[in-house]
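Notes for the one structure printed next.
When a ligand or atom number is given, it counts from 1 through the structure's own listing order.
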Amino acid sequence: MSITNVKTSPIANQKPGTSGLRKKTRVFQEPHFLENFIQSIWTGIGGAQGKTFVLGGDGRFFNTEAIQIVLRMASASGAARVIVGQNGLLSTPAASHLIRKRGADGGIILSASHNPGGPNGDFGVKYNIANGGPAPESVTSAIHAATEEISVFRILEAPDVDLSLTGIAQVGRMEVEVVDPVADYAALMEEIFDFGAIADLFESGFRMRFDAMHAITGPYAKLILENRLGAAKGSVVNATPLPDFGQGHPDPNPIWAKDLVDAMMQPDGPDFGAASDGDGDRNMIMGRGIYVTPSDSLAAMAANATLIPAYKGGLSGVARSMPTSLAVDRVAEKLGIECHETPTGWKFFGNLLDADRATLCGEESAGTGSNHIREKDGLWAVLFWLNVLAARKCSVTELMAEHWKTYGRNYYSRHDYEGIDGGIANDLMQGLRAKLPTLPDSIVAGLRVVAADEFAYDDPIDGSRTEGQGIRIHFSGGARLVFRLSGTGTVGATLRVYLETYETDVLDRDAQEALDAVIKAADQLAMIVKRTGRKRPTVIT
Ligand code: G1P
Ligand code: ZN
């Protein structure tokens, strides 16, 4: 087996976005595209020599081929060991846990998260650091810089490694340890939650439906929910991971998990419903007849955290991404704990979690997590809710009604305009930016602006500053409007408009109705219809 130095040249647009490098699968399959990026990871982290990495992916189309390439490149650059999930599979939270548990130097996760997979879908590569979390900006910029200067990549000429059996294999001089992707993760969940109480809940006839959306969480959910906790067989649906996610869109929200929503809205539907995404880090929570927004879920979890064994001593603090609703802020205020507002993307939570300034974190985009790992964690969130329901012996509807009575309700929605022209999207944002100084005290769609700015984040731990993280407009009475462009899309630009209003009296309105004035204000301020020609959003969640 010999190592080849392959001559190459920089490929444009290899800049990692909100969550790693995401492109069309076909782009990743182009000559040298994947190889250039992997070699640039090694360069960006100061070399692979003697290091141990964790490697796995969500099983999407091209996962198997990519895993073999990464193994041969890790070996060629002198890595000592790669711990890889059996058949090349690892959910994102399981990979994060494995990096931490095994003291690895880092990990490579192959996934485009909730984006569709397949030859015409998306693929992605993300590098995580030794704390188990996504690489911070300093590392991703070093990787990006390397992609712009690369002239050669190193790869071992070797046959594919058999990843179907657990155990030790060899790729050149590098050791490859093939591990069961579920076992360690399941053990961690058992340490965090009261499995006995959840098992009793199922024993008493509590019914749930978990939709794995043909993605990675199927095997994890089957083992934990059905086999260990005793949920009825068949509670986990779409449980076999498929390379194209059954041609679906593995994003757990009311649009893409419509089957689940329909089942949960039946009068005799299950007591609890949940779904997860392509790589297992997102979650959707429902009760019979009720969808819990991710922002509300974070707030309810924070308010009930001490019912969970791992958090019974209380939370050190909470953190939410800026566009996430202010519901959790109210809980933090009542608990007297810190509440941090960070830019979009999980990488900004890592420092706060490491420094124990936050225990729970969340994003409006269906991501919640805690200090147990350094990624958001879909199944963990589901178990959290089950544990709370088991302890409180109430329904999701009752729990949320009581929550809103105590804290008021932050009606919330996100309107996405996908695939718009990049130039138009930038002009729209620039137009808003230019208006900011004139907005305070003005009235828009009947709402009075109290503050307007472009969000910048000063990390309290490492002092780094991240600018240009979205336009925020606060109105009197607690309503808020946020505009930002997506950093994960692979076609054109996606404008995200985050809408929120706060009420303490009427707690059971339809969210879009409650948000009517804020929606109108969004269009007046950004001239969305006029600029984009779109009469309505592509996706409303
Ligand atoms: C989206 C979400 C963001 C999440 C990211 C990765 O990023 O909005 O909250 O962290 O996916 O799952 P965006 O496309 O908005 O940049
Ligand atoms: Zn994901």
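- For ligand 1, the polar-atom distance check finds an N/O of Lys376 within less than 3.5 Å of one of the ligand's N/O atoms.
- Taking the six-membered ring wherever Trp is involved, the centroid distance between the rings of Phe28 and Phe62 does not fall below 6.0 Å.
- The closest approach between any non-hydrogen atom of Gly345 and ligand 1 is below 4.0 Å.
- None of Asp377, Asn283, Thr324, Asp281 except one satisfies the side-chain hydrogen bond (donor to acceptor under 3.5 Å, both in side chains) rule with Thr368; the exception is Asn283.
- In the vicinity of Thr344, heavy-atom distances shorter than 4.0 Å reach the ligand 1 atoms 3 (C), 8 (O), 9 (O).
- Taking each of Thr488, Thr324, Thr494, Thr92 in turn, the one with a heavy atom nearest to atom 7 (O) of ligand 1 proves to be Thr488.
- Defined by atom type and a distance below 3.5 Å, a donor-acceptor pair is missing between the side-chain atoms of Asp296 and Tyr407.
- Of the possible polar contacts, one joining the Tyr220 side chain to the Pro181 backbone as a donor-acceptor pair under 3.5 Å is found.
- Polar contact check, Thr18 against ligand 1: a nitrogen or oxygen pair lies under 3.5 Å apart.
- Close contacts between ligand 1 and Arg496 involve ligand atoms 8 (O), 13 (P), 14 (O), 15 (O) [criterion: under 4.0 Å to a heavy atom].
- Checking His340 against Thr342 by side-chain atom types alone, no donor-acceptor pair falls below 3.5 Å.
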*Take Glu364 and Arg496 through the salt bridge (Lys or Arg N to Asp or Glu O under 4.0 Å) test and state the conclusion after the steps.*
CA-CA 12 Å; Glu364 53 65 43; Arg496 302 203 194 285; 5.9 Å; no
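- Each side-chain hydrogen bond (donor to acceptor under 3.5 Å, both in side chains) pair with one or both residues in residues 12-27, not counting sequence neighbours, appears once here: Lys24-Asp122, Arg26-Asn120.
- Not one N or O of Arg22 is nearer than 3.5 Å to an N or O of ligand 1, by distance alone.
- For the 3.5 Å distance criterion, the side chains of Ser96 and Asn128 fail to qualify, holding no donor opposite an acceptor.
- Among protein heavy atoms, the minimum distance from atom 10 (O) of ligand 1 is reached at Glu363 OE1, 2.7 Å.
- Glu341 and Arg480 are joined by a salt bridge, as a carboxylate oxygen and a charged side-chain nitrogen come within less than 4.0 angstrom of each other.
- Between Phe123 and Ala66, the shortest heavy-atom contact is CZ-CB, 3.8 Å.
- Near Arg414, the atoms of ligand 1 lying under 4.0 angstrom from a non-hydrogen atom of the residue are 8 (O).
- Backbone and side-chain nitrogen or oxygen atoms of Tyr498 are examined, and none is located within less than 3.5 angstrom of a nitrogen or oxygen of ligand 1.
- Listed by chain and residue number, Ser316 satisfy the side chain to side chain donor-acceptor pair (under 3.5 Å) test with Thr359 (two or more places apart in sequence, or in another chain).
- Contacts between Lys347 and ligand 1, counted as non-hydrogen atom pairs separated by less than 4.0 Å, are absent for every part of the residue.
- Nearest non-hydrogen protein atom to atom 11 (O) of ligand 1 is Arg282 NH2, 3.1 Å.
- Looking at Ser486 against ligand 1, both its backbone and its side chain come within 4.0 Å, counting heavy atoms.
- Side-chain contact between Ile108 and Ile38: present, with at least one pair of heavy atoms (C-beta onward) separated by less than 4.5 Å.
- At a heavy-atom cutoff of 4.0 Å, ligand 1 is contacted by no atom of Lys126, backbone or side chain.
- Using cut-offs of 30° and 60° on the angle between ring planes, the pair Phe455 and Tyr457 is tilted.
- Using a 4.0 angstrom heavy-atom cutoff, Glu375 does not count as in contact with ligand 1.
- Summary of contacts: the protein heavy atom closest to atom 9 (O) of ligand 1 is Ser365 OG, 2.6 Å.
- Legend: protein N/O/S atoms lying under 2.8 Å from the Zn ion (ligand 2), waters omitted, number 4.
- The shortest N or O to N or O distance between Gly487 and ligand 1 is below 3.5 Å.
- Residues satisfying the side chain to side chain contact (heavy atoms under 4.5 Å, CB included) criterion with Ser365, sequence neighbours excluded, are Arg282, Glu363, Arg414.
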